[in-house]
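Quick notes on the structure that follows.
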Amino acid sequence: MIDLRLLREDPELFRAGQRLRGESTEVVDDLLRADEERRSVTQRFEAVRAEQKSLGKQVAKSSGDERAALLARTKELAAEVKTAETAATEADQALRRAHLAVPNLVQDGVPAGGEDDFVVLREVGDIPSIENPKDHLELGEGLRAIDTERGAKVSGSRFYFLTGVGALLQLGLLQMAVQQAVEHGFTPSITPSLVRPEAMEGTGFLGSHASEVYRLEADDLFLVGTSEVALAAYHSNEILDLTTPERFAGWSTCYRREAGSHGKDVRGILRVHQFDKVEMFSFCRPEEATDEHLRLLAMEEEMLAKVEVPYRVIDVAAGDLGSSASRKLDCEAWVPSQQRYREVTSTSNCTTFQARRLNVRYRDEDGRPQTAATLNGTLATTRWLIPILENHQQPDGSVRVPKALQPFLGGRDVLEPTR
RNA sequence: GGAGGGCUCGCCUAGUGGCCGAUGGCGCCGGUCUUGAAAACCGGUGAGGCGUUACGCGUCUCCGUGGGUUCGAAUCCCACGCCCUCCGCCA
């Protein structure tokens, strides 16, 4: 949710943001109207309610005829109060609906346009020249590391088993991510992957993402698509001390229905219903959010350097941000079999948008509660196995192990195919 | 699955219809005392909206949530949610 005070002061700022996203400015004007409506209706209610309270006090003190007369008046007033209260409640609800419909303000400098209008900030590492590169599934099957056939047999399409070195590779990668996070002062966390509707709702995943989310109807719980959900809701309805940012690295399994992506990236483990991820999440003061965002990006790049994979950093265009982000920076790793870059991390600066919704606040120097800022970013996921396997492949189907990962694979520097 | 207990302003707690937006303790902040600190004592200390104004004042809302009764509800009634304990069942 956006800052209503800022909206009143400068509605044009928000209309401009909408245009940058390629979305209608109507929601902004709807919100302005709902806000004004609510204020006038609320004032009316408060006036009659104040009268009712003061008369009520007189009733308590009076007796006899005086009391009877007062009671007659207050009785009439009670009906008015009820009407006014109903109107005020309705106006509140209308305001909330309108409020939820407006996405976050876009940060200055974010490229305009949609999915294809990102700006490449930099490319890092040399693209390897590999003749007839095998893709990650072929390599993974050779190493007996990835088994999608049995994944499908047991659970359906877009499921897989990681076995042997595949399992070790993932565990090693994620452990390495957690270690790095701890070194940088993040609190390692293992988070619930089932959450209540409020948590899902509060992080905004029941909006346009609703069809992506698995729901357990019998228990009214949702499977999270990222530990961001649990981490963001962790401090909901709390007032924090944010003299320094609070940083978490959450490890969880993630679940996504991938509805509407039928036929897209069906091979291997690029786009799957279940994967594991270490996700960074920060709560900080709004004025620190921009720096914090770059810090999260630096963490991601540090990880990518450790796995020795070429990548590029892109500044995602306004139309592709999602409603809570004010700016989103993705790292895309080179995938030799596809001869293109594919997303492996994504870090978003949600400013106060998400925290306002979840009611996460902090105390400023004057002791007043203020809305916090939240940011998130990927540190490692199952998907990383793809560029790791493919970029380090050798003609015989073996795969070199990046130095940083070797300790997690019993010191091996090469994984040999078993067939 | 069965039975019971609970939900009040950071934590604990008082409060059975108007004197309650709410008691007391802990914590925290300020002061007195002290070379300094602790102790003791004194004072202050929930959140949000709106208005006014300049940091004070006014007003409304909030005692798990939603309804109801009443001129008036933390308090009475109904429904729901959540937490805890015990029993059963299963890891």
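Chain letters run A, B, ... following the sequence lines, proteins first, then strands; residues in each count from 1. This is a predicted model, so every value here is computed, not measured.
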Using a strict 4.0 Å threshold on nitrogen-to-oxygen distance, state whether [X] and [Y] make a salt bridge.
| X | Y | value |
| --- | --- | --- |
| A:Arg196 | A:Asp220 | no |
| A:Asp35 | A:Arg39 | yes |
| A:Arg295 | A:Glu292 | yes |
| A:Arg21 | A:Asp320 | no |
| A:Glu390 | A:Arg342 | no |
| A:Glu80 | A:Arg44 | yes |
| A:Glu12 | A:Arg19 | yes |

For atom [atom1], what is the distance between [N] and [M], given to the nearest Å?
| N | M | atom1 | result |
| --- | --- | --- | --- |
| B:C7 | B:G66 | C1' | 16 Å |
| B:G27 | B:C9 | C1' | 14 Å |
| B:G2 | B:C12 | P | 30 Å |
| B:A22 | B:G44 | P | 14 Å |
| B:C84 | B:G64 | C1' | 15 Å |
| B:C78 | B:U59 | C1' | 32 Å |
| B:G48 | B:G43 | C1' | 27 Å |
| B:C42 | B:A54 | C1' | 31 Å |

Of all residues at least two apart in sequence or in a different chain, which pass the ring pair (Phe, Tyr, Trp, His ring centres under 6.0 Å) check with A:Tyr341?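 Checked A:Tyr341 against ring pair (Phe, Tyr, Trp, His ring centres under 6.0 Å); matches are A:Trp334.
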Kindly point out which of B:U61, B:C82, B:C71 is positioned nearest to the side chain of A:Lys53?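 Comparing B:U61, B:C82, B:C71 against the side chain of A:Lys53, the answer is B:U61.
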Toward the 5' end of RNA chain B, by each residue's nearest nucleotide, A:Thr89 or A:Thr74: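 Of the two residues, A:Thr89 wins.
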Is B:C83 syn or is it anti, if syn means the base angle is within 90 degrees of 0?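 Anti.
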Does the side chain of A:Thr25 come under 3.5 Å of the side chain of A:Gln18 through a donor N or O and an acceptor N or O?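 No - no donor-acceptor pair under 3.5 Å links their side chains.
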Whole angstrom is fine here: how far is it from [atom1] in [X] over to [atom2] in [N]?
| X | N | atom1 | atom2 | value |
| --- | --- | --- | --- | --- |
| A:Asp241 | B:G10 | CG | P | 16 Å |
| A:Gln93 | B:G66 | CD | P | 10 Å |
| A:Leu71 | B:G72 | CG | C1' | 10 Å |
| A:His235 | B:G10 | NE2 | P | 16 Å |
| A:Glu238 | B:C9 | CD | C1' | 16 Å |
| A:Leu55 | B:C71 | CG | P | 14 Å |

Considering just the side-chain nitrogens and oxygens of A:Arg73, establish if one lies under 4.0 Å of OP1 or OP2 belonging to B:C71.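 Indeed not, no polar side-chain atom of A:Arg73 lies that close.
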Show every side chain to side chain donor-acceptor pair (under 3.5 Å) that has at least one partner inside residues 152-163 of chain A, sequence neighbours left out.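 Residue pairs passing side chain to side chain donor-acceptor pair (under 3.5 Å), neighbours aside: none found.
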What side chain to side chain donor-acceptor pair (under 3.5 Å) pairs are there with at least one residue in residues 171-188 of chain A, not counting sequence neighbours?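 Checked against side chain to side chain donor-acceptor pair (under 3.5 Å) - neighbours excluded - the pairs reaching residues 171-188 of chain A are A:Gln180-A:Lys306, A:His184-A:Glu302.
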Heavy atoms under 4.0 Å is the rule here; annotate nucleotides 46-57 of chain B 5' to 3' with B where the base is hit, S where only the sugar-phosphate is, and - elsewhere. -SSBSS------
Which residues in residues 76-85 of chain A have at least one heavy atom lying under 4.0 Å from any atom of RNA chain B?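 Close to the strand are A:Ala78, A:Lys82.
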Residues, nucleotides or ligands: over 12 heavy atoms within 6.0 Å of A:Glu198 CD: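 Yes, CD of A:Glu198 has more than 12 neighbouring heavy atoms, counting only those of other groups under 6.0 Å.
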Identify the stems formed by RNA chain B, where each pair is Watson-Crick or G-U wobble with both distances under 3.5 angstrom and a stem is at least 3 consecutive pairs.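 Output for stems: B:1-7 with B:81-87, B:10-12 with B:24-26, B:27-32 with B:40-45, B:46-52 with B:56-62, B:64-68 with B:76-80.
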I'd like to know whether A:Asn104 forms a side-chain hydrogen bond (donor to acceptor under 3.5 Å, both in side chains) with A:Thr351, so could you lay out the CA-CA distance, the side-chain angles of the two residues, the decisive distance to 0.1 Å, and finally the verdict. CA-CA 8 Å; A:Asn104 200 359; A:Thr351 63; 2.9 Å; yes
